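In what follows, a single structure is set out as structure tokens and then discussed.
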Amino acid sequence: MDLYEHQARQLFAEHGIVVPRAEVTDSPKRAREIARRLGGRVVVKAQVKTGGRGKAGGVKLAADPAAAELTARQILGMDIKGHTVGTVMLAQPVDVAEEFYVSYVLDRAAGRFLAIASAQGGTEIEEVAATRPEAVARVPVDPAEGVTSATAARIAEAAGLPPQTVDVLVRLWEVLTREDALLVEVNPLVRTGDGRIMALDGKVTLDDNARFRHALWGGEDSADADPLEAAAATKGLHYVKLDGEVGVIGNGAGLVMSTLDAVAGCGARPANFLDIGGGASAQVMADGLSVVLSDPAVRSVLVNVFGGITACDAVADGIVRALDAVRPTKPLVVRLDGNNAARGRAVLEARAHPLVEQATTMDGAAGRAARLATTT
Ligand SMILES: Nc1ncnc2c1ncn2[C@@H]1O[C@H](COP(=O)(O)OP(=O)(O)OP(=O)(O)O)[C@@H](O)[C@H]1O
Ligand SMILES: [Mg+2]
């Protein structure tokens with residue numbers, strides 16, 4: 001899960017990294033009050049989960065509270081790289097003498113972390129990295145060792161950062177490890193005119209697998225999540241929205257992936273990925289069907305189940321119960337194979353639902369579902 005800048009800076013502050021005073025709002029009127037509280041002049045910053053906000057006009061200096069209100073009005077509702085600005089953060093302006101870039105990122109291929117740092121931070125960092133890669137230091141970090149003061153000193157030296165940044169580098173590592181983040185980035189980390197080191201912008205990606213350890217993370221950010229994915233998540237389903245018209249439900253991620261390929265191979269496009277898992281119950285099948293059928297783009301549904309631990313007759317019972325609960329309006333093609341497949345097929349035959357047909361092979365089922373989706 002990516003955090004907003006204002007959430008990232010809060011984590012930084014909790015770990016002792018100095019950040020400018022700031023407040024968040026979705027109202028231009030409140031922006032004026034906040035600016036007054038912060039001393040009049042403020043930086044107004046779009047809160048969207050993408051970089052390059054400054055270049056897109058989403059970071060602006062306002063000279064006084066009236067200007068802050070006007071600027072907030074301009075920035076709220078703005079589209080930045082496909083993200084609509086719903087809130088702005090107003091921050092006290094800082095007298096910037098130098099801008100640095102620092103980040104820690106998980107390097108999966110190497111099985112460790114990577115510290116990336118540069119004395120040429122700021123909004124042009126991508127340009128710097130592309131044209132003068134020697135200005136960006138990359139220092140591997142052994143996860144078992146972590147970033148000690150000695151490691152931090154090595155990172156600072158490699159990047160040409162002043163010695164005062166060593167303490168921030170250690171604290172930023174603590175943010176990464178204690179908060180279970182996969183990425184922490186500060187750009188810019190600045191040296192102010194009076195010699196203080198402050199984080200003016202922050203990006204943090206938390207590891208979703210650690211969610212259970214952080215009750216306060218709360219739900220997924222509904223403004224950014226696809227509504228169907230959000231609905232599926234509340235039901236504990238592994239669902240990913242795709243662009244096509246054939247709804248896909250299967251058990252086991254591998255089987256579902258192959259099913260997506262089979263649908264594509266038949267000239268249609270899958271509308272989603274949905275893995276109902278190994279021990280899929282009738283309830284899970286009903287939940288899955290209701291999510292897939294509520295996608296207006298879906299024109300047919302392909303249920304592809306290979307009975308292993310779960311017997312096909314249990315899955316068929318689930319489908320029958322789901323049909324009664326969900327009342328589909330779109331055709332379903334069901335392919336059952338594996339453990340108790342014959343019994344499962346018999347259950348569906350007995351129910352004889354007019355919108356449900358069965359297929360015996362995966363390719364046959366995919367072909368039929370694709371035809372139904374492209375011709376009906
Ligand atoms: N509180 C502040 N005081 C002074 N200058 C600031 C402040 N906040 C941001 N800036 C300036 O605005 C620039 C852009 O802001 P920021 O880095 O937050 O947005 P961004 O464009 O999204 O960043 P990035 O390019 O890292 O994605 C900073 O590099 C800095 O020079
Ligand atoms: Mg930045």
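Counting starts at 1 for both ligands and their atoms, in listed order. Bear in mind the structure is a predicted one, so any value in this text is a computation, not a measurement.
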Query raised in the report: Which ligand 1 atoms does Gly51 reach within 4.0 Å, using its non-hydrogen atoms?
Result: 27 (O)
Query - Heavy-atom donor-acceptor pair, Asp337 side chain to Phe306 backbone, under 3.5 Å - result: no
Requested in this report: Look at atom 12 (O) of ligand 1 and say which protein heavy atom is nearest, naming residue and atom and giving the distance to 0.1 Å.
Outcome: Val59 CG1, 4.0 Å
**Report entry** N or O contact, Gly52 vs ligand 1, cut-off under 3.5 Å
**Finding:** yes
Query raised in the report: Taking Arg345 for the side chain and Leu336 for the main chain, is one N or O donor matched with an acceptor at less than 3.5 Å?
Result: yes
Query - Side-chain (Asn272) to main-chain (Val248) donor-acceptor, under 3.5 angstrom - result: yes
Query raised in the report: Which distance, rounded to the nearest 0.5 Å, do you find between the CG of Leu90 and the OG1 of Thr87?
Result: 10.5 Å
**Report entry** ligand 1 to Asn187 polar contact by distance, N or O atoms, under 3.5 Å
**Finding:** yes
Report task. Decide whether an N or O pair under 3.5 Å exists between Ala91 and ligand 1. Result -> no
Requested in this report: Could you tell me which non-hydrogen atom of Pro328 sits nearest to which non-hydrogen atom of Leu332, and how far apart they are?
Outcome: CB-CD1, 4.0 Å
Requested in this report: Would you check if the side chain of Gln92 reaches a backbone N or O of Leu38 as a donor-acceptor pair within less than 3.5 Å?
Outcome: yes
Report task. List the closest protein heavy-atom neighbour of atom 23 (O) of ligand 1: residue, atom name, distance to the nearest 0.1 Å. Result -> Asp201 OD2, 3.2 Å
Query raised in the report: Could a heavy atom of Lys203 be found less than 4.0 Å from some atom of ligand 1?
Result: no
**Report entry** Identity and distance of the protein heavy atom lying nearest atom 5 (N) of ligand 1
**Finding:** Leu200 CD1, 3.8 Å
Query raised in the report: What is the minimum heavy-atom distance between Ala370 and Val246, and which atoms define it?
Result: CA-CG2, 4.2 Å
Query raised in the report: Taking only heavy atoms of Glu99, which atoms of ligand 1 are found under 4.0 Å from at least one of them?
Result: 28 (C), 29 (O), 30 (C), 31 (O)
Requested in this report: Just need the protein heavy atom nearest to atom 3 (N) of ligand 1, so name the residue and atom and give the distance.
Outcome: Val94 N, 2.9 Å
**Report entry** Atom of Lys241, atom of Ala297 and distance for their closest heavy-atom approach
**Finding:** NZ-CB, 4.4 Å
Query raised in the report: Below 4.0 angstrom, N of the basic side chain to O of the carboxylate: do Lys55 and Glu124 qualify?
Result: yes
Report summary line: So the atoms of ligand 1 within less than 4.0 Å of a heavy atom of Gly54 turn out to be 20 (P), 21 (O), 22 (O)
Query raised in the report: Quick one: which ligand 1 atoms are inside 4.0 Å of a heavy atom on Pro93?
Result: 3 (N)
Report summary line: protein heavy-atom neighbour closest to atom 22 (O) of ligand 1 works out as Arg53 NE, 2.8 Å
**Report entry** Check: Glu99 side chain, Asn187 main-chain N or O, donor-acceptor pair, under 3.5 Å
**Finding:** no
Query raised in the report: For atom 14 (C) of ligand 1, which candidate among Val48, Val42, Thr123 holds the nearest heavy atom?
Result: Thr123
Query raised in the report: Arg335 and Met362: which non-hydrogen atoms are nearest, and at how many Å?
Result: NE-N, 3.7 Å
Report task. Verify whether one side chain among Thr361 and Asp363 offers a donor that lies under 3.5 Å from an acceptor in the other. Result -> no
**Report entry** Contact check: Lys45 vs ligand 1, nitrogen or oxygen atoms, below 3.5 angstrom
**Finding:** yes
Requested in this report: Would you mind checking which non-hydrogen protein atom is closest to atom 1 (N) of ligand 1, with the distance to 0.1 Å?
Outcome: Gln92 O, 3.0 Å
Query raised in the report: About how many Å separate CG of Leu355 and OG1 of Thr329, when rounded to the nearest 0.5 Å?
Result: 7.5 Å
Requested in this report: Provide the number and element of each atom of ligand 1 under 4.0 Å from a heavy atom of Val43.
Outcome: 1 (N), 2 (C), 3 (N), 7 (C)
**Report entry** Any donor-acceptor N/O pair, Ser300 side chain to Ala369 backbone, under 3.5 Å
**Finding:** yes
Report summary line: Within the 2.8 Å cut-off the protein N, O or S neighbours of the Mg ion (ligand 2) are Asn187 O, Asp201 OD2
